[in-house]
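Data block below; observations after.
Order of the sequence lines sets the chain letters (A, B, ...), proteins ahead of strands, with each chain counted from 1. Just so you know, these numbers come straight off a predicted model, no measurement behind them.
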Amino acid sequence: MFRSHTCGELRDEHIGTEVTLAGWVHRRRDHGELIFIDLRDRYGITQVVFDSLTAAAHKVAEEARSEYVLQVRGRVRPRPAEAVNPDLATGSVELEALEASVLNPARTTPLYISKEGGEDEALRLKYRYLDLRRERMQRNLILRHRMIKFMRDFLDREGFLEIETPILIKSTPEGARDYLVPARLHPGKFYALPQSPQQLKQLLMVAGYDKYFQIARCFRDEDQRADRQPEFTQLDMEMSFVDQEDVLQLIERLFIALCRAVVPHKTLSTPFPRLTYQEAIERYGSDKPDLRYDLELVRLDDLLGDTPFQVFRGALEQGGQVKGLRAPGCASYSRKQIDELAELARIGGARGLAWAALPADGGEVRSSFARNLAPGELQAIVERMGGQPGDLLLIVADQPAVVAAALDRLRRELASRLGLIDPNRLSFAWIVDFPMFEWNADEQRWDAVHHPFTAPRDEDLPLLDSDPGRARAKAYDIVLNGYEAGGGSIRIHRRDIQQKIFDLLGISRETAMAQFGHMLEAFEYGAPPHGGIAPGIDRLAMILADEHTIREVMAFPKTQQAVDLMTNAPSPVDERQLEELHIALRRPLLHSSTEPLCEAAGWGVT
RNA sequence: GGACCCGUGGUGUAGCGGUGAACAUGCGGCCCUGUCAAGGCCGAGAUCGCGGGUUCGAAUCCCGUCGGGUCCGCCA
């Protein structure tokens with residue numbers, strides 16, 4: 001045994017006892033004949049005192065430096081009253097070193113362990129094992145552990161079974177790009193890593209395991225974001241003999257209990273509000289609105305039916321909308337500040353931003369567009385938007401999707417600028433009644449909004465024939481503080497409806513059989529009504545940990561280019577490995593055949 | 001595929017056309033028995049991400065490139 005206690009354990013009750021600690025040198029304070037070392041492990045920090053009277057141990061302390069691994073045998077003693085450190089859990093005692101040894105020295109670390117923040121993230125990722133020693137990452141990984149433990153215990157009590165599904169599965173061209181794995185035994189064929197265990201969990205329902213869950217690793221070969229990594233973890237769930245209400249209520253109970261258990265200092269309002277997809281877009285311009293603040297969008301179309309203002313008129317004539325957002329107290333914004341907002345609206349796709357500043361003293365309105373309006377129109381807009389003296393009114397006119405995207409962006413920016421966001425508030429909400437399909441203009445066909453096994457709402461079944469674009473799905477997302485925290489649906493279990501959906505999606509019977517034959521066949525052997533959901537564990541952990549990227553709640557994340565800076569994956573492999581896999585590298589497709597890249601890379605030509 | 005931001009001793013920053021490239025911290029040495037960001041003195045440590053260009057002169061300006069980040073597209 002290297003240690004009798006951890007570095008976070010010693011208290012007054014241990015005074016007088018002899019203990020052995022092992023850990024890393026967090027800080028060292030050298031007073032010559034007296035040396036203090038803060039010894040650290042993941043449980044905490046204990047101050048060890050080395051007196052020159054104990055010569056051998058004192059010698060070790062003289063040589064020790066930051067991050068050396070030490071073992072210290074000593075006696076626990078109370079600190080002098082004036083030397084008690086209330087910031088340390090162990091701060092009322094200290095260890096008087098009797099014997100010490102260096103278990104391992106350490107080079108000067110490229111990161112400070114005891115001082116966090118500021119450094120280039122590439123450095124943190126390259127030396128992740130050092131970064132993980134720091135308090136922030138420890139706290140986050142411990143929180144994540146507690147979350148997952150809570151989920152397992154909760155679902156176990158609810159009668160769920162945790163069942164593992166394969167990582168090597170069949171590729172389907174639907175959805176995100178697959179990560180592929182070459183099949184050595186089958187030249188030219190590939191496995192895919194799961195984007196989610198979607199089909200497998202449905203087959204478990206057919207198999208009668210009516211309450212399934214899994215802490216499932218998922219893989220998607222798409223471009224990264226702060227909240228998206230190539231591999232991530234979902235709480236994947238599926239249940240039989242349930243309707244949408246059953247799924248929502250179970251998850252709501254789980255999340256409420258989870259948050260109260262692991263982040264009791266945060267406030268959450270229950271029950272979770274429910275918004276239809278339509279309503280969310282209409283009121284917030286987003287299907288994952290941040291409900292910690294209001295700032296709702298206001299529809300202005302009906303006030304402007306005959307407006308002479310060409311921008312508004314043109315948008316309305318082309319089937320667009322005019323909507324506004326009230327920025328309370330922002331009338332004093334400078335031209336530059338307003339230009340910044342306009343730039344944000346442009347990122348959302350808008351061609352411009354109309355604005356009107358209502359002076360706090362009730363004076364004349366400053367506006368980019370008022371002079372173009374008919375008499376009374378400005379007044380009507382101000383009234384509809386609830387404009388008060390001192391407010392800035394922002395208006396976008398365009399196609400509905402553009403208006404929504406632009407105002408969503410402005411809404412989030414304003415909330416942040418105006419300090420409307422309470423960081424300790426958890427605003428969960430359900431978004432329900434997603435549309436079944438969206439029109440794919442490029443391919444001239446309908447795409448599934450969720451996935452092809454999502455059931456339509458019963459009352460919308462007739463719409464599949466008459467007006468598929470209006471058909472709503474038994475699909476639901478749970479959103480939290482402006483993030484999509486999970487999504488799911490009730491699945492189709494009737495063969496005839498499934499066929500109809502495939503027809504609408506332009507999936508031929510041959511294609512359906514080739515890609516989903518196992519599913520369709522399974523459904524002919526008594527598939528129960530079933531549905532599920534898959535909350536994203538990384539995002540949830542990120543939000544509960546007050547972090548802004550999921551990298552902060554993952555032990556070994558990858559960069560935006562999907563590179564692991566610690567191991568340098570991905571990397572080239574031996575020609576021999578490729579041969580065994582029947583793979584010949586091909587000259588990459590380039591815009592210009594004279595591009596020198598392929599030669600520089602030394603790639604052969606097939 | 002695209003837009004924007006960042007890259008200067010081990011680490012974090014300053015410098016933004018002429019400096020001995022500055023400061024803090026860490027590192028090495030010396031002093032110091034109550035510190036907890038210990039303190040004091042001395043010292044070493046930088047091809048200013050890389051390549052090219054402009055200029056009498058480039059960390060500084062321009063072009064390209066690499067790496068990191070944020071976002072758009074993408075993510076059933």
>> What is the separation between atom CZ on A:Arg539 and atom P on B:rC75, rounded to the nearest whole Å?
In response: 14 Å
>> For a quick check, tell me whether the side chain of A:Arg551 and the base of B:rG69 share a donor-acceptor pair closer than 3.5 Å.
In response: no
> Could you state the NZ-P distance from A:Lys558 to B:rG69, rounded to the nearest angstrom?
Replying inline: 13 Å
> Given the C1' atoms of B:rG12 and B:rG39, what is the spacing between them in whole Å?
Replying inline: 23 Å
> Paired with B:rG39: which nucleotide, if any, by Watson-Crick or G-U wobble criteria at under 3.5 Å for both distances?
Replying inline: B:rC31
> For the pair made of OH in A:Tyr112 and C1' in B:rG12, what is the distance, rounded to whole Å?
Replying inline: 7 Å
> RNA chain B: A:Glu174 or A:Asp223, which has the more 5' nearest nucleotide?
Replying inline: A:Asp223
>> Strictly under 4.0 angstrom, non-hydrogen atoms only: write out the protein contact profile of nucleotides 28-35 of chain B, one letter per nucleotide from the 5' end, B, S or -.
In response: SS--BBBB
> Taking the six-membered ring for Trp, is the centroid-to-centroid distance between A:His31 and A:Phe36 below 6.0 Å?
Replying inline: yes
> A:Asp227 has an atom CG; how far is it from atom P of B:rG69, in whole Å?
Replying inline: 14 Å
> Is there side-chain contact between A:Glu552 and A:Met137, with at least one heavy-atom pair below 4.5 Å?
Replying inline: yes
>> What verdict does the side-chain contact (heavy atoms from CB on, under 4.5 Å) test give for A:Asp433 and A:Gln278, after you've listed the backbone C-alpha separation in whole Å, the side-chain angles of each residue and the deciding distance to 0.1 Å?
In response: CA-CA 8 Å; A:Asp433 293 356; A:Gln278 269 296 329; over 6 Å; no
> Quick one: A:Gln561 CD to B:rU65 P, roughly how many Å, whole number?
Replying inline: 14 Å
>> I'd like to know if A:Asn85 reaches the base of B:rC36 with its side chain such that a donor and an acceptor end up less than 3.5 angstrom apart.
In response: yes
> Quick one: does A:Arg27 reach the base of B:rC36 with a side-chain donor-acceptor pair under 3.5 Å?
Replying inline: no
> Roughly, in whole Å, what's the span from CZ in A:Arg134 to C1' in B:rG12?
Replying inline: 11 Å
>> Any strand counts, and the cut-off is 3.5 Å on both contacts for Watson-Crick or G-U wobble. Which nucleotide pairs with B:rA22?
In response: B:rU13
> Should A:Asp30 and A:Arg28 count as an ion pair when the cut-off is N to O under 4.0 Å?
Replying inline: yes
>> Test side-chain contact (heavy atoms from CB on, under 4.5 Å) on A:Leu111 and A:Arg134; report intermediate values, then the result.
In response: CA-CA 10 Å; A:Leu111 301 168; A:Arg134 310 210 274 199; 4.2 Å; yes
>> Measure NZ/A:Lys115 against C1'/B:rU13 and give the value in whole Å, please.
In response: 10 Å
>> Less than 6.0 angstrom separating the ring centers of A:His5 and A:His14, yes or no?
In response: yes
>> Applying a 4.0 Å non-hydrogen cut-off, can you work out what A:Gln195 is touching in the nucleic acid: base, sugar-phosphate, or nothing?
In response: nothing
> Quick one: are the ring centres of A:Phe502 and A:Phe516 less than 6.0 Å apart?
Replying inline: yes
>> Strictly below 4.0 Å: does A:Arg225 bring a side-chain N or O up to OP1 or OP2 of B:rC74?
In response: no
> Within less than 4.0 Å of OP1 or OP2 of B:rU70, is there a side-chain N or O belonging to A:Gln560?
Replying inline: yes
> Between A:Glu438 and A:Asp87, which is nearer to the 5' end of RNA chain B once each is assigned its nearest nucleotide?
Replying inline: A:Asp87
